[in-house]
Amino acid sequence: MALPNIDVTPIGSLRSIEEGSRVVVRGWVYRKRVLKNKVFLVIRDSSGIVQVVFSGGLVEEASRLNIESAIYVGGTVKREERAPGGVEIQADGILWEFVGEHFPINEDAAEADSELLLDLRHLWVRSRKMQAVLKIRSTIFSAVHEYFRSNGFYEVQAPTFISAAVEGGSTLFSLDYFGTPAYLTQSAQFYLEALIYSLEKVYTIAPSFRAERSRTRRHLTEFWHAEMEMAWAGLRDVMKVGEGVISRAVERVLQDNLEELSILGRKTEYLERIRPPFPMVSYDEAIDILRNKGVQLKWGDDIGADEERVLTLQFEKPIHLHHFPEAVKAFYHKNDPQRPETTLSVDVLAPEGYGEVIGGGERIENYDELVNKIRRFGLEPGNYGWYLDLRRFGSVQHAGFGLGMDRLVMWICGLDHVRDALPFPRDMRRIRP
RNA sequence: GCCGCCGUAGCUCAGCUUGGUGGAGCGAUGGGCUGUUAACCCAUAGGUCCCGGGUUCAAGUCCCGGCGGCGGCGCCA
């Protein structure tokens, strides 16, 4: 049946509409309460929810509408203390309807954070919780683009099919590319390094793929990666852009999504203090802090998830953890000339135990230094042909980072698991829906 | 790769320690209810207790094996 050709009022704007006005709203049945002579349907659209009261001759038709049925309904706006949100609609007619089958997700399942919600993700995205996360995610993506573009970065695109690894080779998804082996990209970094010699400051937001058999709340096999690279730049510049982009995202969410944060139960005071500058903590200092907290660590050990948690709980803001030892960072990180056993590297760790959201630093711009380090890491320089080539033609000091967009959303929303930060997560054991 | 945990109604789970005729809430169906807020009240239907083997007079419960799932670590964003 064709949709009614009529103006509709977004539910979210009803609060500002004069009492007594006649409106038509459309949406899906979110709650249903049937009494003898009245039916209360709470209708949901993308902008909010409103209670619609059906009485008299409309009771029978309204009571046939199951949860998640779709409806156009006309009625009169009324201020009503007893209604959720303080406004309701006294229905005078159902203009259009689609009576759905019984919706398979009930309150029990929704409370439980169950596997069912992942199996039925195509339906669960309708929930108020997912709706709130997706709105905040949209704000965050917008803010990240906005930050880069307003700071002189060009947006670029790198290929998804690639022929070689950025780092090792074990975490690549392989595929058959017309008879030759190929892989899905795990980072656009090398391509961005090439592009800085054209555009100087570049960024991209794109999926990266990691075939890691990870079973943690922070890992996906397909994740949205915001990466940037800058010519003529060093470690301090990476930190500045990192804290800038994160702060902008938080600021925009606080500006645009207070209602969504409240739906998620996310307290804003954790977010309100997120402003530059972020504390800088060197690897050496981190080891000291952790030892004072009773964590047994020796210099050179990597700082794992448990250590990150202890460390970040000491701070209210994200921290720049910098100068990691050579062995715990990938080969392309530049060693600090002042202290060659360390690298000009930085991770940004989100507070409240959330941990790493950014990894980056200064890259090696010298050809021989890069070849030597590739060999020192037991890798084959021949596999890095065009990447090494970049060091032969006007090579300059440069630096960049990768930001896990899904992790950023997870932290800002206060979620328990990164897979709830995007609509259709991919992990080791899940490729549908 | 390593370490834990779980599998019982459509869904979420209790029952297992100490073996003795399968339970609750939600959902569904039917009925009731003068304004509900995850409405409420009454009733009804709904089961291969993951699979296979073993112990036992008797196994959802104990033992062995298998399958499936979950969480954490490592790895990273």
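All chains are named by letter (A, B, ...) in the order of the sequence lines, taking the proteins before the strands, and each is independently numbered beginning at 1.
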**Item:** Face-to-face contact Phe223(A) to rA77(B) six-ring, under 5.5 Å, under 30°
**Value:** yes
**Asked** Taking all atoms of both residues into account, what is the closest heavy-atom pair of Tyr183(A) and Leu175(A), and its distance?
**Response** C-CD2, 4.3 Å
**Message:** So, does Arg309(A) get its side chain near the phosphate of rC73(B), meaning an N or O under 4.0 Å from OP1 or OP2?
**Reply:** yes
**Message:** Less than 4.0 angstrom between a side-chain N/O of Arg210(A) and OP1 or OP2 of rG74(B), yes or no?
**Reply:** no
**Message:** Between Leu403(A) and Val348(A), does the side chain to side chain contact (heavy atoms under 4.5 Å, CB included) criterion hold? Intermediate values first, please.
**Reply:** CA-CA 9 Å; Leu403(A) 160 66; Val348(A) 176; over 6 Å; no
**Fill in**
Gln186(A) atom CD is separated from rA77(B) atom P, nearest whole Å, by 9 Å
**Asked** Looking across every strand, which nucleic acid part, if any, lies under 4.0 Å from Leu116(A) by heavy atom: base, sugar-phosphate, or nothing?
**Response** sugar-phosphate
**Prompt:** For rG71(B), does either OP1 or OP2 sit under 4.0 Å from a side-chain N or O belonging to Arg215(A)?
**Reply:** yes
**Request:** Tell me, with the steps shown, if His398(A) and Glu229(A) meet side chain to side chain contact (heavy atoms under 4.5 Å, CB included).
**Result:** CA-CA 7 Å; His398(A) 64 286; Glu229(A) 202 70 29; 3.3 Å; yes
**Message:** Regarding Glu227(A), tell me which of base, sugar-phosphate or nothing describes its non-hydrogen contacts under 4.0 Å with the strands shown.
**Reply:** nothing
**Message:** Over all strands shown, is Asp406(A) touching base, sugar-phosphate only, or nothing at heavy-atom distances under 4.0 angstrom?
**Reply:** nothing
**P gap between rG20(B) and rG60(B), integer Å** = 10 Å
**Asked** What is the distance, rounded to the nearest whole Å, between atom CD of Gln90(A) and atom C1' of rG35(B)?
**Response** 10 Å
**Between P of rC73(B) and CG of Asp306(A), the distance in whole Å** = 6 Å
**Request:** Take the protein atom CG of Asp347(A) and the nucleotide atom P of rA77(B), then report the distance between them rounded to whole Å.
**Result:** 7 Å
**Request:** Indicate whether the side chain of His145(A) and that of Ser142(A) have a donor and an acceptor atom separated by less than 3.5 Å.
**Result:** no
**Request:** Provide the distance between the two P atoms, one in rG53(B) and one in rA43(B), to the nearest whole Å.
**Result:** 41 Å
**Prompt:** Arg213(A) side chain: which of rG1(B), rU34(B), rC70(B) is closest?
**Reply:** rG1(B)
**Item:** Nearest-angstrom distance from the residue atom CG of Leu65(A) to P of rU36(B)
**Value:** 22 Å
**Request:** Identify whether the distance between the nearest side-chain nitrogen and carboxylate oxygen of Lys135(A) and Asp256(A) falls below 4.0 Å.
**Result:** no
**Whole-Å P distance, rC75(B) and rA28(B)** = 48 Å
**Item:** rG35(B) base / Glu81(A) side chain donor-acceptor hit below 3.5 Å
**Value:** no
**Item:** Heavy-atom donor-acceptor pair, Ser214(A) side-chain to rG74(B) base, under 3.5 Å
**Value:** yes
**Message:** Reading RNA chain B from 5' onward, which residue's closest nucleotide shows up sooner: Pro104(A) or Glu80(A)?
**Reply:** Pro104(A)
**Fill in**
In whole angstroms, the gap separating C1' of rA45(B) from NE2 of His102(A) amounts to 14 Å
**Request:** Pick the C1' atom in rG15(B) and in rG7(B), then give their distance to the nearest Å.
**Result:** 15 Å
**Request:** Go ahead and name the base partner of rG71(B); Watson-Crick or wobble counts if both distances stay under 3.5 Å, otherwise write none.
**Result:** rC3(B)
**Prompt:** With sugar-phosphate meaning primed atoms plus P, OP1 and OP2, does Arg218(A) contact a base, only sugar-phosphate, or nothing at under 4.0 Å between heavy atoms?
**Reply:** base
